[in-house]
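Notes follow the structure.
Below, chain A is the first sequence line, B the second, and so on; all start at residue 1.
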Amino acid sequence: MEQKAKKLRLFIRIGMPFIILQMLCIGCWDQKHTRDLVIITVLGFDRITDEDGVDKWQVSSFVMQSGKAEAAGGGGGNGTSEVKPELVWRGKGLTISEAILDFTKRSPRVPFFADTSSVIIGERAAKEGLLPIIDYLNRLREYRPGAFVMICKGKASLLFEAEPEVSISVSRDLRELARNTSGSSGIARGVKLMDFTADLLSTDRDPVAPEIRLINPKEKRGEELAGPPKAVLVEGIGIFKDAKLVGWLDKEDAIGYNLLTAKINEGAITIQVKKDGKWFTYLVERSTPSLKVTLIDDKLNIKVGIEVKGRIIEDDGADLAPSEIDQIEHAISEQIGQMVMHAIETVRGDESDCLGFSEELHRYSPKDWKKVKAHWRETFLNANVDVQVNAAVENTGRLGQMLELQK
Amino acid sequence: MKIKLKSLLKRSLSFTGKKRLIKVGQTPLEKHPLSASLEQNLTELQKIFDLCADVVFRKFTLNCEPPINAVAVFADTLIDVKSGSETILKVIMQETTSLPENVRITKSNAIQILNERLLTAMNTKITRDFLELADFVLTGRVAIVIDGSSSVLTCYVGGSPGRIIEEPITEPVVRGPRDGFVEDYKINLSLIRRRIKSSRLKVELLEVGAISKTVVALCYIKGIVEDSLIEEVKTRINRIRMDVVNGSGTIEEMITDQPLSLFPLVEYTERPDKVAGSLAEGKVAIFVDNTPMTLIAPTTFISLLQASEDYDNAFIYASFVRLIRVVSLHIALLLPAITVAIMTFHQEIIPDKLMGVVLTSRKELPFPIVVEVLFMEMFFEILREAGVRLPRTIGQSVSIVGGLVIGQASVNAGFVGYIAVIVVALTAVASFAIPNYAAGTAIRILRFGLIILASIMGGVGIMMGLMFILFYLCGVRSFGVPYLSPIAPLIPRDLKDTFIRVPWWAMLTRPTFTGTKELVRMDTNQGSTKPNKGKE
């Protein structure tokens with residue numbers, strides 16, 4: 001009892017000052033009020049050559065504008081579509097920080113990056129200085145690992161002319177597109193900053209990032225445009241090699257890439273198949289890729305198997321007999337196989353291994369990986385790739401008899 | 001230095017002074033026997049009850065040969081006068097003729113005959129002492145002083161009517177008994193005795209207060225309750241030396257373990273079913289005369305989250321409600337503080353969709369969020385206090401004026417933001433979900449401290465505040481029972497009646513700290529069985 005009390009006294013004498021001193025790490029001097037923040041929602045990075053001929057960074061940003069977000073979104077749809085809920089600020093400088101300071105100096109407030117949900121990297125920046133950008137983002141005090149990284153053709157700054165089309169702000173449009181496209185249409189894949197960084201730094205894999213484009217919706221209502229004149233679209237994937245943008249996967253290839261690398265559980269990806277002169281539309285409901293990479297005599301053997309299950313949702317008036325389902329399944333498998341193969345060939349043409357083949361070897365046969373480690377890119381380029389697609393039609397989607405005019 | 005400061009503080013708060021209570025105007029404590037002469041006794045009694053308008057001296061004559069003078073002394077405000085006249089005066093003055101032939105009333109045996117043969121009152125007592133006599137008269141007895149006798153017959157003829165038993169206002173239930181305690185401790189005891197019809201239910205009467213002579217009834221079930229607990233409670237109650245004890249709050253503060261505790265260490269209730277349940281758990285109930293609020297000791301933190309209705313409701317629903325209460329306890333304690341901390345220190349965790357709303361609502365506000373929240377909390381406390389004190393009919397208009405007009409108007413005018421109003425409203429509702437009112441007040445006070453800590457140090461401040469609250473709660477004991485038991489120290493067996501309430505057939509044991517003497521409550525395997533089972 002006596003010793004216990006002694007120990008307690010010792011703890012109080014030595015421990016408590018430490019605890020109390022720790023509390024001085026934070027205090028009222030650390031206070032920042034929400035109204036003192038410049039909340040940056042999207043960052044766009046560009047490399048430009050300035051008028052004086054010096055290569056500089058140009059950083060564009062969407063800044064959340066208080067007071068307007070509510071008017072457009074929370075006001076209950078009172079038709080204030082002219083209101084831009086986000087400011088566009090742009091600055092340039094020799095370093096990224098200088099470029100950001102170049103525009104944040106316009107406000108007496110502190111830049112705040114915790115809500116930066118998307119990062120857009122321009123083509124030139126992606127080719128010349130990807131690492132500094134990623135390094136800068138990872139070093140931010142308000143580092144957001146879940147931010148989406150996107151690539152655009154041309155200058156990123158052009159994208160900041162876009163206006164919100166679906167959501168109340170472009171930043172939200174962007175984030176939702178990046179997050180959901182891989183499931184909804186398969187034409188792109190959202191990549192989070194942490195995954196992008198991990199792939200970028202890994203020794204056996206290259207990163208990818210979705211491509212973002214500016215589109216000009218033409219739909220008109222009366223004389224005026226029905227929507228904004230410029231909007232954003234996430235479509236396609238940019239592929240990297242050693243922190244350099246080297247190529248692009250277009251729409252079809254992006255679907256192939258998605259089927260190849262990801263498990264798909266929600267059905268929204270459609271694949272068009274032509275058989276006997278008629279177009280069928282096949283909706284992928286579930287898809288499970290399996291990957292087997294082996295090293296035989298210094299040659300990489302890659303076996304890709306994809307189990308696809310789905311249904312026919314459109315058949316151009318053809319009445320599928322049960323006996324024909326086998327044939328159509330075969331045709332679908334072939335079609336998907338071609339898409340996947342084409343995606344693989346495109347990636348190999350750019351000498352990038354963003355499909356994770358080498359990573360698979362590294363993971364499951366580390367001994368073999370050691371043999372090829374020094375020249376893994378060449379090994380990948382010369383690999384035998386075998387794609388086996390097994391597509392199943394679970395449902396022809398027919399409503400009893402075909403709809404037929406009986407006049 | 002330290003001691004000087006302490007004594008200075010004590011003196012300024014007038015804690016010091018003469019140790020013993022001076023009893024002003026009290027009759028001397030030593031025995032003061034009655035004399036045989038009615039005249040002398042009357043003079044003495046009139047001296048004692050000088051200027052006591054409610055004490056009546058009723059002179060009459062015993063119907064015998066020779067007639068004997070007598071006086072009935074009583075406080076007419078305390079007795080049932082009608083029943084008194086029927087049970088005492090009528091029989092004495094008229095029915096002495098019905099006595100057998102061989103019984104003759106004389107001065108020496110008048111008391112005995114009255115007591116044994118004539119009076120129809122159920123409760124009679126004989127005394128030979130003035131002081132005792134005075135006490136009897138003042139507790140509502142009729143004293144019959146007879147000439148030539150040095151002893152006095154006192155009888156109880158029923159008290160003046162008090163408040164009728166009605167549903168307790170502060171602890172209403174949906175399902176459960178509707179009777180509540182009243183001011184008269186005898187009725188309260190009857191409500192308990194009706195629930196526990198066993199001679200093991202013991203009632204000990206103590207008297208507290210030199211002038212008020214308040215009756216304090218100690219109630220427990222012998223064999224279940226720890227003997228040391230009864231001794232401790234008795235010692236603490238007997239230690240109280242004061243002149244007037246007004247209610248159970250006074251007793252509570254005088255017997256509580258920690259004199260400065262924010263949390264209630266002795267629970268109070270108006271519900272007899274709650275008291276009966278506590279008695280069955282091995283706790284002690286302390287009835288104080290003239291208050292419906294009955295004390296229960298010892299108390300644990302968890303019991304503040306238990307409502308008597310939990311034991312009547314289906315156990316699944318009761319458990320659900322318990323969990324809701326735990327959640328609302330945390331909301332009531334922490335929500336404003338967390339809001340302040342997030343809005344001033346940790347904006348990173350605001351989701352960006354919410355950020356737009358926050359940014360908009362906070363843009364043009366004149367005060368920082370902590371001022372807003374403190375202001376609104378204070379306003380709510382004022383509103384609540386005003387609503388409690390006012391008559392119920394006006395109370396509604398207060399809530400309309402306060403809640404709707406001022407709340408809405410202050411937001412529209414731009415004094416405070418929506419967030420502060422929402423947070424304060426949520427907190428207020430959550431704090432009302434705590435069944436124990438005293439615990440609710442403790443939470444309310446701590447909330448203010450946490451808000452200030454959060455505004456100074458953010459999340460670290462909240463954690464610090466919670467740490468110290470927890471330190472404190474871990475150290476407190478209520479009559480020897482750790483306040484946080486059965487969670488700290490952890491007694492898994494007792495968790496059956498904490499965050500959840502297990503079905504009654506699984507309530508096999510009493511709480512360990514109060515019920516070890518007779519731990520087992522019921523037979524095992526009493527759960528619901530199918531009709532064909534249990535036949536053998």
Side-chain angles (χ1 to χ4, degrees), chain A residues 8 12 16 19-42 62-75 83 85-86 109-118 140-147 167-169 171-172 174-176, chain B residues 337 339-374 411-412 414 416-420 422-423 450-468 470-471 474-475:
Chain A
L8 193 70
I12 289 171
M16 286 313 266
I19 290 176
I20 288 165
L21 279 176
Q22 277 179 9
M23 285 163 190
L24 295 178
C25 294
I26 191 168
C28 4
W29 51 88
D30 289 325
Q31 275 185 1
K32 48 183 182 198
H33 292 277
T34 39
R35 58 182 155 204
D36 300 334
L37 303 176
V38 170
I39 294 160
I40 294 167
T41 51
V42 180
F62 275 132
V63 175
M64 202 186 274
Q65 195 183 9
S66 60
K68 299 289 174 61
E70 191 199 28
V83 173
E86 286 169 314
R109 302 172 180 178
V110 191
F112 185 71
F113 296 96
D115 282 318
T116 309
S117 57
S118 319
L140 279 176
R141 200 176 91 132
E142 296 108 6
Y143 160 66
R144 180 166 171 142
S167 322
I168 66 156
S169 64
S171 61
R172 219 170 275 181
L174 273 175
R175 196 182 51 181
E176 274 158 24
Chain B
T339 310
V340 169
I342 287 177
M343 302 287 274
T344 37
F345 287 95
H346 319 292
Q347 285 92 349
E348 294 88 346
I349 63 174
I350 307 176
D352 59 349
K353 284 188 184 178
L354 189 61
M355 194 65 172
V357 181
V358 168
L359 211 60
T360 309
S361 68
R362 297 216 48 78
K363 195 187 179 191
E364 299 301 333
L365 291 171
F367 306 114
I369 182 100
V370 54
V371 176
E372 267 181 36
V373 169
L374 276 179
V411 170
N412 284 353
V416 291
Y418 286 108
I419 294 170
I422 293 169
V423 163
L450 283 176
I451 292 171
I452 291 164
L453 273 178
S455 75
I456 298 172
M457 287 190 276
V460 179
I462 296 178
M463 284 320 290
M464 194 179 94
L466 285 180
M467 232 163 71
F468 279 109
L470 206 61
F471 283 174
C474 285

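Closest approach of A/Asp115 to B/Ile350, counting heavy atoms only: OD1-O, 3.6 Å. When all heavy atoms are compared, the tightest approach of A/Phe112 to B/Met355 is CE2-CE, 4.1 Å.
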**Request:** Give the intermediate values and the outcome of side-chain contact (heavy atoms from CB on, under 4.5 Å) for residues B/Phe345 and A/Lys32.
**Result:** CA-CA 6 Å; B/Phe345 287 95; A/Lys32 48 183 182 198; over 6 Å; no
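Applying the ring pair (Phe, Tyr, Trp, His ring centres under 6.0 Å) criterion to B/Phe468, with sequence neighbours excluded, gives B/Phe471.
In terms of modelled atom types and a separation under 3.5 Å, the side chain of A/Glu142 and the main chain of B/Gln347 share no donor-acceptor contact.
Contacts of A/Phe113 with chain B are absent, with no heavy-atom separation under 4.5 Å from either backbone or side chain.
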